[in-house]
Amino acid sequence: MNNIKIKQIGLTESHLVVGLFNQYRIFYNQFSDIGMAKAFIDERLQHNESIIFLAIDEDTEKPAGFTQLYPKFSSAKLSKNWILNDLYVDEVYRKQGIGEKLIKTAMEFSKTTGATFIQLETAVDNYTAQQLYENIGFEKQGNDEEFFLYKMALNS
């Protein structure tokens with residue numbers, strides 16, 4: 001396995017994730033547009049609307065994968081939880097445990113913010129992701145025709 005480091009990035013490092021974010025969008029059948037991808041990422045980070053963790057190959061300094069979290073608020077429970085909205089690992093780096101490492105980093109971050117759960121969705125035909133999420137401990141909540149919803153309670 002390559003020497004992979006996970007780090008949270010801010011606005012000044014957004015350029016590191018843009019290519020991966022664009023590839024993530026293509027994976028979900030969206031058109032490629034690096035300019036729009038950069039503008040979207042920059043806006044999320046500039047307005048503190050998301051948290052991005054980046055996996056970097058320390059040997060090559062190449063971005064290997066990322067995950068992006070969005071806050072989810074509960075008025076009734078007076079809490080802030082997290083939606084793990086995006087997870088993508090470059091094809092060259094797949095099957096090396098990077099996706100799991102990114103998810104576990106997101107889970108630890110969520111715990112430090114007092115979150116009681118983290119949730120995500122994945123396409124009903126993305127069997128590799130489903131297996132990963134279930135192996136980590138996410139529980140399937142339900143689905144619509146296109147996506148499964150997964151949720152994991154966090155021990156604060």
Side-chain angles (χ1 to χ4, degrees), residues 4 6-9 14 16-55 63-156:
I4 300 296
I6 307 290
K7 70 179 210 164
Q8 183 177 341
I9 64 165
S14 68
L16 295 172
V17 77
V18 170
L20 291 169
F21 181 68
N22 191 57
Q23 289 301 312
Y24 168 80
R25 292 185 66 254
I26 292 168
F27 179 83
Y28 278 105
N29 301 313
Q30 302 301 309
F31 61 91
S32 176
D33 190 321
I34 293 289
M36 284 180 58
K38 179 162 180 30
F40 185 86
I41 292 292
D42 285 353
E43 189 171 336
R44 299 293 75 73
L45 293 172
Q46 184 176 7
H47 296 290
N48 295 314
E49 294 174 339
S50 75
I51 301 293
I52 299 175
F53 291 101
L54 182 68
F66 81 101
T67 190
Q68 183 166 209
L69 303 169
Y70 293 107
K72 176 177 181 155
F73 297 96
S74 171
S75 299
K77 295 183 180 184
L78 301 175
S79 66
K80 176 166 121 178
N81 294 295
W82 295 94
I83 299 169
L84 193 155
N85 203 71
D86 309 331
L87 176 68
Y88 184 80
V89 176
D90 186 283
E91 287 185 36
V92 173
Y93 292 95
R94 291 185 186 159
K95 299 188 187 291
Q96 297 180 34
I98 296 169
E100 181 175 352
K101 197 171 182 181
L102 283 162
I103 293 168
K104 289 184 174 179
T105 299
M107 290 167 56
E108 286 304 312
F109 167 81
S110 298
K111 287 179 187 179
T112 66
T113 66
T116 57
F117 70 84
I118 187 169
Q119 75 178 50
L120 57 86
E121 289 183 332
T122 193
V124 296
D125 62 351
N126 192 344
Y127 306 112
T128 302
Q130 292 168 34
Q131 182 178 14
L132 172 63
Y133 303 145
E134 290 171 15
N135 287 344
I136 290 173
F138 281 84
E139 296 179 5
K140 194 179 293 181
Q141 304 294 302
N143 66 292
D144 60 23
E145 291 183 14
E146 295 183 55
F147 294 94
F148 285 121
L149 174 67
Y150 284 89
K151 196 171 179 179
M152 178 186 284
L154 300 172
N155 298 325
S156 298

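Residue numbers start at 1 and run along the sequence shown. Hydrogens, waters and symmetry mates are skipped; everything else that's a heavy atom, side chains included, is used.
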Check [X] against [Y] and note the closest heavy-atom contact, atom names and distance.
X	Y	value
Phe53	Leu102	O-CD2, 3.7 Å
Ala115	Trp82	CB-CD1, 3.7 Å
Ile4	Ala55	CG2-CB, 3.8 Å
Thr122	Gln130	CG2-CG, 3.7 Å

Do [X] and [Y] have side chains that get closer than 4.5 Å, going by heavy atoms?
X	Y	answer
Gln8	Leu54	no
Thr116	Leu154	no
Ile52	Ile41	yes

Sorted by chain and number, sequence neighbours left out, side chain to side chain donor-acceptor pair (under 3.5 Å) with Arg44 holds for Glu49
Are Phe40 and Phe21 close enough that their ring centres sit under 6.0 Å apart? yes
Looking just at side-chain N and O atoms, do Asn81 and Ser74 make a donor-acceptor pair shorter than 3.5 Å? no
Short side-chain donor-acceptor distance under 3.5 Å, Glu134 and Tyr150: yes
Side-chain donor/acceptor pairs under 3.5 Å, residues 63-72, sequence neighbours excluded:
residue : atom : partner : partner atom : Å
Thr67   : OG1  : Asp86   : O            : 2.7
Gln68   : OE1  : Ser50   : OG           : 2.8
Gln68   : NE2  : Tyr70   : OH           : 3.4
Gln68   : NE2  : Asp86   : OD2          : 2.6
Lys72   : NZ   : Gln119  : OE1          : 3.2

Find the distance between [atom1] ([X]) and [atom2] ([Y]) and round it off to the nearest 0.5 Å.
X	Y	atom1	atom2	value
Phe148	Asp125	CZ	CG	9.5 Å
Ile9	Ile51	CD1	CD1	10.5 Å
Met36	Ile34	CE	CD1	11.5 Å
Tyr133	Phe138	OH	CZ	8.0 Å
Tyr93	Tyr88	OH	OH	12.5 Å
Ile83	Glu121	CD1	CD	8.0 Å

Before giving the answer on side chain to side chain contact (heavy atoms under 4.5 Å, CB included), spell out for Ser14 and Lys38 the whole-Å C-alpha distance, their side-chain angles and the decisive distance to 0.1 Å. CA-CA 7 Å; Ser14 68; Lys38 179 162 180 30; 3.4 Å; yes
One pair to check against side chain to side chain contact (heavy atoms under 4.5 Å, CB included): Asp90 and Leu20. What are the steps and the verdict? CA-CA 7 Å; Asp90 186 283; Leu20 291 169; 4.0 Å; yes
Solution key, residues 103-110 side-chain donor-acceptor pairs under 3.5 Å, sequence neighbours excluded:
residue : atom : partner : partner atom : Å
Lys104  : NZ   : Glu100  : OE2          : 2.8
Thr105  : OG1  : Lys101  : O            : 2.9
Ser110  : OG   : Ala106  : O            : 2.8

Mark yes or no: Lys151 above the aromatic ring of Phe117, with NZ or CZ under 6.0 Å from the six-membered ring centre and no more than 45 degrees from the axis. yes
Would you please test Asn126 and Thr128 for side chain to side chain contact (heavy atoms under 4.5 Å, CB included) and show each step? CA-CA 6 Å; Asn126 192 344; Thr128 302; 4.2 Å; yes
Ignoring hydrogens and angles, tell me if any N or O in the side chain of Arg25 forms a donor-acceptor pair with the backbone of Phe31 under 3.5 Å. yes
